[in-house]
Amino acid sequence: MAKVVSLSDAVAELVHDGDTVALEGFTHLIPVAAGQEIIRQGRRDLTLVRMTPDIVYDQLIGAGCARKLIFSWGGNPGVGSLHRFRDAVQHSWPVPLEIEEHSHAGMANRYVAGASGLPFAVLRGYTGTDLAAQTETIKPITCPFTGEVLTAVPALNPDVTIVHAQRVDRAGNVQLWGIAGVQKEAVLAAKRSLVTVEEIVDELEPRPGAVVLPAWVVTAVAEVPGGASPSYAAGYYERDNGAYQAWDAISRDRAEFTKWLAGVAA
Amino acid sequence: MAKVVSLSDAVAELVHDGDTVALEGFTHLIPVAAGQEIIRQGRRDLTLVRMTPDIVYDQLIGAGCARKLIFSWGGNPGVGSLHRFRDAVQHSWPVPLEIEEHSHAGMANRYVAGASGLPFAVLRGYTGTDLAAQTETIKPITCPFTGEVLTAVPALNPDVTIVHAQRVDRAGNVQLWGIAGVQKEAVLAAKRSLVTVEEIVDELEPRPGAVVLPAWVVTAVAEVPGGASPSYAAGYYERDNGAYQAWDAISRDRAEFTKWLAGVAA
Amino acid sequence: MAGGGGGVSEYSSDEMMSVAASRALGDGMSCFVGIGLPSTAANLARRTHAPGLTLVYESGCLGAKPSRLPLSIGDGELADTSDAVISVPEVFNYWLQPGRIDVGFLGAAQLDKFGNINTTVIGSDYHDPKVRLPGAGGAPEIAASCREVFVVLRQNARAFVERVDFITSFGHGTGKGDRERLGLPGAGPTLVVTDLGILRPDPDTRELVLAELHPGIDLDQVRAATGWNLKVSAELGETPAPTEAELRVLRELKAA
Amino acid sequence: MAGGGGGVSEYSSDEMMSVAASRALGDGMSCFVGIGLPSTAANLARRTHAPGLTLVYESGCLGAKPSRLPLSIGDGELADTSDAVISVPEVFNYWLQPGRIDVGFLGAAQLDKFGNINTTVIGSDYHDPKVRLPGAGGAPEIAASCREVFVVLRQNARAFVERVDFITSFGHGTGKGDRERLGLPGAGPTLVVTDLGILRPDPDTRELVLAELHPGIDLDQVRAATGWNLKVSAELGETPAPTEAELRVLRELKAA
């Protein structure tokens, strides 16, 4: 049953060194503040999971929090590359980064399997690509009815999933709307979950397109207004495109990044 | 792209003798009028698919439209048995009825596989039950990562799926709200689809909990106000519980039923 | 009507059954509710001692809070009062299958001494049944995946049989260890509530044993209503009669 | 700036590319849109000759009708203007995988002569790449499942290679018959639009062949910008220059 705590207490309690941690949010509602709190608390050896590692994962990787990344698209959307991610993969800076690489369809289905209590998912995927040879978590599976060969991927069950949502009510029920990505699946697949929210309200008003996560599947909730910035929270604030562009310059250079990091840690 | 036609034209064009036909709607929005139009047009040798065959399927079976039923729960909800279904299974009246029997979880996943373009779905299901021995479409499947044995069921891809919804806009986009059951999956799994609706509107207003089926995945739409009665259509009319109770008496007796049937055909 | 003792209202055996079943549901639990007797009991619990009980209906209603008893598992009232309404595939795949639900609350046409449930056919030949029943619905996976299963049904020798004609939903199979061997995650049936008393599986054998008699019911009545040689717990208790409050709420629910 | 002929506005080679790409999208089609150049072209088509074009974005926006060009595949504008917003798993499983989408519109970092796409690594060693690129995203399954695939990217010899370093998304493999052998349902890349011209696969070999030159571009320029020995269609055509209307709408979209 979701309890309301501070962000620092939530991260201290729920995220441990060596954990498999998923921060989800597809362009929208990315839990950036929670990611920076993980940096601030100096977590190490994390296996980071995310379909679209963007600047918050670039920050976590550059800060040396991660030893492995499970992902399907690692870029700065609309801008270009993730320089800290590239530096880690190409030059092991600041620490080596192991990667486990999938397609979006594969990652989405891995979360679905995780949320469904199944050990694997089946899809038509990766056929003819070079990914299958590089990624051990892609295997063939044969349909027992037709004999057709498809692709299996194993479930993702993070130790902790962190997402950002617009609202939570006093009972701990979480409501998010707009682009919902894979957040429901990522929360349901996880052993523990933390939801940062824009605000706590007395009652959730039904809304078109809203996704509700009942209190009994959420471990902790922290009120963090603006917690998704520089991504956006529909109904609250817009995407700060300038911040994404500015990140390109900060992240391109180790010294610049290190300066930025000192600012976060302070 | 959905075209707007009359119910009789839609059934004449989309439902053929020998077809596999799914009418879905989980308690709510059951396409009863469309089912009775199939009776009126005298279709034969249908394979009827439905998770919860209720009185509209009792009517189709009693009228001799079906040679096979694929289902998971065949009863008159809140009342008792489906007497025409029982008579067909126990005494082959008016024609023999082959059955293919699943659980709800199995049927739901068969539609999901059908909607997903996969030949089968995986679930934790049927373990220890006697169903697996009676139903050929239940087979074991082994996880290629963990070695665990789970259950596979084949996709359902009806020739035609018929559902009822509250609204369609002039462009043919369908909107339904309230309990949505397995309708989206059943429509997406089918080769052709017919949606009967309460009304045609100029524009669909976004609503909490609404499911939208875009025009380009619907074959035909027919305006049939009250087309889900005696089940209900949220926002339009309530369930007619009296009609469900009355069906018990009508369906119990072949002569009574035959009289009822003559009234429908007229 | 089974009469309660001095000072307590008259109540029916069905009311005793509903009240006894409702008491088994703890506050804060989540409960996957079948229609009929289970739904009555679960709604009564939510209106009495377990206001924080989460009701999950297979129609996709998570956290339904109906003010009257639904007639079907898909009544509009259930959708209108839910925390979330989701698709039927999602109910089974995301909510039931992973073992998130504490209690699965089921009815039965036949129940055997190891808690196996039949709702498929009466008679030994599946293809030529004496009586064709509605079938499985959600029950096989509810019985497999919920942390535990409560069964509620009226007790008589046709329903309470040595061995069900057809296992629609697996209870304890042929006894202890069967669920583990099959890899079924939940504990299976831990409680059977009838109009005569309460049965629980013996911890060593998993055979259903009479644990409580409802007030005014004697052992011979229960034995006559059981199709196997019923064992009785060494600590056979008596179910407390329904309280005034329980009866009032139950009758309000039914009348609404 | 590539200058158009008499009477037509000045336009850039990128504008020519976007216009040429947009023209390939027919009215009433459904198009799975990647961000960047594909999104520009698809939105231009919807604002000009193909108002009934259905745009599908992998963020879950079905039938998006943005009034300005989205900067990412998940802009709020896309969600606000869509017929339906669905989850990311649903996009891939219910909409892309079954082959419901007519055209998959992709970009590329490297493209080879058989239309195979690389967006993963530059260099021959996956574990020690010269350049680590963003990776697959939705592209492998878009390339597999859409009825056909259009690719749009700027042409130069580093991007247009004999053989991609890494097949992220399968085009025609090593030539005709490869897709069929792998059981890939869609037709694969049928069109490549660049800032210099248009390439199409040869029907017999599936090798990309120059089919059209954009106005003002000569063959040597294209050859120099191609890393393989480029074949030229016997019926090499010239792309019509952007019309005033096309340019106006394109610039409005960009400015909004």
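Just so it is clear, the values below take in all heavy atoms, side chains as well, and ignore hydrogens, waters and symmetry mates. Lettering follows sequence order; numbering is per chain, from 1.
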Part of Y111(A) lying under 4.5 Å from any heavy atom of chain D: neither
Using modelled atom types only, decide if a donor and an acceptor are shared between the side chain of Q90(A) and the backbone of K130(D) within a distance under 3.5 Å. yes
For chain A, the option from T120(D), D75(D), D80(D) that forms the most heavy-atom pairs under 4.5 Å: D75(D)
Counting only heavy atoms closer than 4.5 Å, note whether L82(A) contacts chain D via side chain, backbone, both or neither. neither
Mind running side chain to side chain contact (heavy atoms under 4.5 Å, CB included) on N109(A) and N93(D) for me, showing each step along the way? CA-CA 8 Å; N109(A) 276 291; N93(D) 290 346; 2.9 Å; yes
Comparing G36(D), A79(D), S72(D) against chain A, the one with the most heavy-atom pairs below 4.5 Å turns out to be S72(D)
Which atoms of Y232(A) approach chain D - backbone, side chain, both or neither, heavy atom under 4.5 Å: side chain
Using non-hydrogen atoms only, which part of H102(A) is less than 4.5 Å away from chain D: side chain, backbone, both, or neither? backbone
Checking E58(D) against H104(A): is there a side-chain donor and acceptor pair closer than 3.5 Å? yes
Nearest heavy-atom approach of I73(D) to F26(A) is CD1-CE2, 3.1 Å
Just by modelled atom types, is the R124(A) backbone N or O under 3.5 Å from a matching donor or acceptor in the Q97(D) side chain? yes
Flag for E101(A)-Y126(D): side-chain donor and acceptor within less than 3.5 Å: yes
Out of G171(D), G173(D), P134(D), return the one with the most heavy atom pairs under 4.5 angstrom to chain A. P134(D)
List the steps, then state whether side chain to side chain contact (heavy atoms under 4.5 Å, CB included) holds for V131(D) with R86(A). CA-CA 8 Å; V131(D) 182; R86(A) 279 171 71 155; 2.9 Å; yes
So which part of M107(A) gets closer than 4.5 Å to some heavy atom of chain D, the side chain, the backbone, both or neither? neither
